[in-house]
Every structure is written in C-alpha cells, then in structure tokens.
Amino acid sequence: MRSAVTVSLTASAVLAGALFAGQAHAAPAVPSITAPGGFVMNNGTGATLFGKAADTRRSTGSTTKIMTAKVVLAQRGLNLDAKVTIDKAYSDYIVAKNASSARLIVGDKVTVRQLLYGLMLPSGCDAAYALADKFGTGTTRAARVKSFIGKMNDEARKLGMRNTHFDSFDGISNGSNYSTPRDLTKLASSAMKDATFRTVVKTKSTSQKVTTRSGGYRYMSWTNTNKLLSTYSGAIGVKTGSGPQAKYCLVFAATRGNKTVIGAVLGAPSEANRAADVKKLLDYGFAR
C-alpha cells in the first residue's frame with residue numbers, strides 16, 4: 001500500500017513540475033499598440049518578432065533623416081571633418097516651413113560630422129538641407145537637392161525597401177514621401193552597421209565647437225529628441241518623427257546582453273502613446 005502511495009505522489013510531482021515548466025516558458029502575450037503601424041525584429045537573426053500593418057505605407061516625418069544620414073555616410077572618400085558654410089537658404093527654409101531646427105547660424109563653418117549631430121539629435125531640417133546641398137551633384141542648389149533625394153531613393157531600392165519613396169531630404173513631404181514600419185526597420189538595421197551613425201544616434205546631448213564667419217568660434221548645444229535613450233534600459237537609438245500627417249513616429253533599437261531588438265512605430269496618436277507602444281514592443285521583443 002505504501003508503495004502505491006509513493007508511486008502516486010511521485011507521478012503527481014512529475015506532472016506538477018511539467019506544468020510549472022510549461023508556464024515558465026510560455027510565450028509572452030502579443031502586445032496591443034495604439035499606433036496603426038508597427039514592426040519589430042531581432043537585429044541579429046532578422047527574425048520578425050511583431051508586426052501590425054507592417055507593410056502599409058504611411059507618412060514618416062523626420063524618421064526620413066535616417067536615410068539622409070545613411071546617404072551621407074555612404075559617400076566615397078567621406079571626410080567627416082570637412083567644413084560646410086551655412087547658407088541663408090537653409091535658415092530661410094526653416095522659417096518658411098516652420099520646421100525643426102539645429103539653429104545653424106548663417107556664415108558659420110560646420111563640419112559634416114557636426115551636421116550629422118544637428119540632423120539626428122534636434123532633428124534639424126537646416127542641417128538636412130546643408131547635407132543635401134553638400135552631397136548632391138549639380139550646378140544649382142535645386143539640382144543638388146534633387147540629386148541627393150535621388151540617391152536616397154537609389155539606396156532604398158538597394159535595401160529592398162519596396163514600399164518606400166522619398167521626395168524630401170527631411171521628411172517634410174511634397175506629396176509622396178512615405179515608408180512602412182518594416183522598411184524603416186530594414187533601413188535602421190543597415191544604418192546601424194556604421195560606427196559613426198551608431199555613435200550619433202545614441203548620444204543624448206552634445207556641445208559642438210563651430211567656426212564663425214569672422215574666424216572665431218561658438219558652441220552649438222543639441223539635445224536628442226529621442227527620450228527613449230533616457231527612459232529605457234539598453235536603448236541605443238534611433239530617430240523620432242512627427243508631423244500633421246505622420247503623427248508620432250519612432251524608429252527604435254535597444255540591446256540587452258547579446259540581443260538587439262530593432263523596430264518602428266508609425267502614426268501613434270500622441271507622444272505619450274508612442275513612448276508606451278515602443279516600451280511594450282521592446283519588452284515583448286526581449287521576452288521572445
């Protein structure tokens with residue numbers, strides 16, 4: 001009788017242990033997000049971890065500037081310390097478009113590296129214009145800008161971004177500037193392979209010494225609009241975006257241990273919703 005009881009108890013213990021083990025390794029619940037579009041992948045394996053309308057084309061706002069930076073950094077023989085003179089056209093553009101600005105001063109000489117910080121941290125459309133003017137080809141500013149945007153679209157095709165088109169260097173659309181959560185994630189994954197890009201987008205704030213028109217110097221201070229860097233453990237980038245059509249967007253990446261999770265949300269109804277969505281998706285990505 002004692003033997004039968006022992007066998008029964010042992011079988012129960014084994015069954016209970018199996019149940020607990022199953023619970024411990026149960027897949028995490030798929031999160032619900034307010035943004036109409038989102039995508040997350042394991043950056044190391046390329047495996048999709050989450051998708052919501054991942055291939056639906058949407059306005060991207062300043063997440064477009066990821067491609068602006070990527071095109072600049074892909075230039076052959078790039079000298080990051082080459083100086084660019086800030087033209088009045090760049091500041092006039094900011095005023096005309098009521099655009100986000102790096103507060104560049106006309107006549108200052110700013111390095112390409114500094115312009116990348118001005119582009120990605122405060123999301124300076126003036127910095128984007130300066131870079132497009134510098135790295136496009138043509139005899140007029142308009143031709144150079146058109147050429148640069150052409151390079152952005154060429155790069156998108158090379159990356160297999162089938163649902164993406166750029167018509168501006170900064171995301172202020174002229175009617176056909178769009179991408180998808182999956183495509184932007186693919187772009188960010190590629191851009192993050194560049195050491196300079198990684199360094200810039202993980203920077204919370206910076207003070208840069210630039211040369212003035214008179215040959216003196218001033219310091220430009222920029223703070224990253226990507227608050228995720230300060231609010232999520234392991235966050236390493238990438239770029240915010242917002243606008244009347246785009247609503248609130250974020251292309252994001254974080255690393256914990258040996259795992260990097262990367263993704264995008266497009267069209268969140270508010271900045272708070274965007275932050276909550278991204279944290280949910282990153283938590284889910286790391287739990288997978």
Side-chain angles (χ1 to χ4, degrees), residues 33 35-41 43 51-73 97 99-100 102 116-125 127-129 131-132 148-149 152-153 155-156 159 161-174 176-192 194 197-198 200-203 224-229 235-254 261-271 273-275 277-278 281-282:
I33 62 173
F39 184 77
V40 180
M41 77 175 189
N43 196 47
K52 176 183 178 182
D55 299 308
T56 299
R57 297 173 177 180
R58 300 185 188 280
S59 179
T60 61
S62 286
T63 61
T64 295
K65 290 167 181 157
I66 298 171
M67 182 60 91
T68 308
K70 189 173 188 337
V71 168
V72 170
L73 289 167
K97 298 290 186 180
S100 54
L116 288 170
Y117 279 99
L119 174 77
M120 300 302 282
L121 272 64
S123 200
C125 295
Y129 196 170
L131 289 166
F148 187 87
I149 295 168
M152 294 170 69
N153 285 308
E155 187 64 27
L159 291 173
M161 297 169 66
R162 296 182 180 86
N163 290 298
T164 296
H165 183 265
F166 299 109
D167 69 4
S168 74
F169 47 73
D170 57 4
I172 298 178
S173 179
N174 293 301
S176 58
N177 200 91
Y178 56 80
S179 189
T180 69
R182 189 192 306 271
D183 277 3
L184 285 175
T185 300
K186 189 178 293 186
L187 168 61
S189 179
S190 177
M192 290 291 275
D194 185 279
F197 185 89
R198 288 197 307 273
V200 170
V201 299
K202 74 178 181 182
T203 301
N224 204 319
T225 57
N226 184 6
K227 296 176 182 176
L228 191 72
L229 295 170
I236 55 173
V238 174
K239 184 71 186 76
T240 59
S242 62
Q245 286 184 307
K247 305 300 182 185
Y248 292 87
C249 310
L250 182 63
V251 180
F252 55 88
V261 174
I262 193 164
V265 294
L266 296 180
S270 72
E271 191 172 348
N273 285 134
R274 176 179 69 185
D277 285 350
V278 169
L281 293 179
L282 280 169

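Numbering of residues begins at 1 and proceeds along the displayed sequence.
Annotation: salt bridge (charged side-chain N to carboxylate O under 4.0 Å, His left out) contacts of Asp55 (sequence neighbours excluded): Arg182. The side chain to side chain donor-acceptor pair (under 3.5 Å) check on Asn224 picks up nothing, with sequence neighbours excluded. Under the side chain to side chain donor-acceptor pair (under 3.5 Å) criterion, Thr63 pairs with no residue at all, not counting sequence neighbours. Under the side chain to side chain donor-acceptor pair (under 3.5 Å) criterion, Thr185 pairs with no residue at all, not counting sequence neighbours. For Asp194, the side chain to side chain contact (heavy atoms under 4.5 Å, CB included) test picks out Leu73, Thr196, Phe197, with sequence neighbours left out. Residues that satisfy the side chain to side chain contact (heavy atoms under 4.5 Å, CB included) test with Pro269, not counting sequence neighbours, are Thr34, Asn273. Residues satisfying the side chain to side chain donor-acceptor pair (under 3.5 Å) criterion with Thr68, sequence neighbours excluded, are absent altogether. Scored by the salt bridge (charged side-chain N to carboxylate O under 4.0 Å, His left out) test, Lys97 finds no partners at all (sequence neighbours excluded). Partners of Phe169 by ring-ring contact (aromatic ring centres under 6.0 Å, His included), not counting sequence neighbours, listed by chain and number: Tyr93, Tyr129.
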Taking distance alone, no hydrogens or angles, what donor-acceptor pairs closer than 3.5 Å link side-chain atoms of residues 244-251 to residues at least two apart or in another chain?
none

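In the model, Thr180 has no side-chain atom that pairs as donor or acceptor with a side-chain atom of Asn163 under 3.5 Å. No hydrogens or angles considered: a donor-acceptor pair under 3.5 Å links the side chains of Ser62 and Ser123.
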